Amino acid sequence: MLETNPDRSALKTRPLLIGIGASFRGDDEAGLIAAQILKDEMADKDVDVYMHSDDPARIIADWSGRDAVIVIDSVRTGAPAGAVQRIDLSEGGLVTSSRSSSHGNALADAVE
């Protein structure tokens, strides 16, 4: 289910949507499922959709040179299940309260 940008040397101006998750960890698969649904629904749109499990190097490679990136991931925040959290990285870095998840380092490390 993992996909990556096949042409990493080309600067991409197309928006990128990245779904992050682990298919073997129940609700942690939410980012992957959402990305797959959106990929199917936006097949004719000018948007790239990739899915990643835990490799920050792949996320960084796909993210590099993009003007717009949206990341979908499930996280534990204390908010009700299903609540949407929007983090605008132009306002600061990504703060993680716990790095004990199956891919907790991946997104924070890729953003950093």
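For this chain, numbers begin at 1 and follow the sequence in order. This one's a predicted model, so the numbers in the text were calculated from it and none came from an experiment.
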- Message: Between R58 and H52 (side chain of the first, backbone of the second, donor and acceptor by atom type, cut-off under 3.5 Å), is there such a pair?
- Response: no
- Main-chain N/O of G21 paired with S53 side-chain donor or acceptor, under 3.5 Å: yes
- Qualifying residue, where the test is side chain to side chain contact (heavy atoms under 4.5 Å, CB included) with Q36 and the options are L38, I33, D40: D40
- Query: Are R14 and D67 close enough for a salt bridge, meaning some N to O gap below 4.0 Å?
  - Reply: no
- Mind checking side-chain contact (heavy atoms from CB on, under 4.5 Å) for A79 and listing every partner two or more places apart, or none if nothing turns up?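 Partners of A79 under the side-chain contact (heavy atoms from CB on, under 4.5 Å) test: T77, A83, Q85.
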- Item | Derivation of the side chain to side chain contact (heavy atoms under 4.5 Å, CB included) call for I59 and I20 | CA-CA 9 Å; I59 297 170; I20 297 178; 3.9 Å; yes
- Name all residues meeting the salt bridge (Lys or Arg N to Asp or Glu O under 4.0 Å) criterion together with D44; count only those two or more places apart in sequence or in a different chain, and write none if there are none.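 Here no residue qualifies.
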- Message: Do D48 and L17 make a side-chain contact, defined as non-hydrogen atoms from C-beta onward lying under 4.5 Å apart?
- Response: no
- Taking the side chain as every heavy atom from C-beta outward, state whether L16 and D62 have any pair of such atoms under 4.5 Å apart. yes
- Item | I72 CD1 to M51 CE distance, which is reported to the nearest 0.5 Å |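 The distance works out to 10.5 Å.
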- How long is the gap from CG on L32 to OG on S74, to the nearest 0.5 Å?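 Output value for this atom pair is 8.5 Å.
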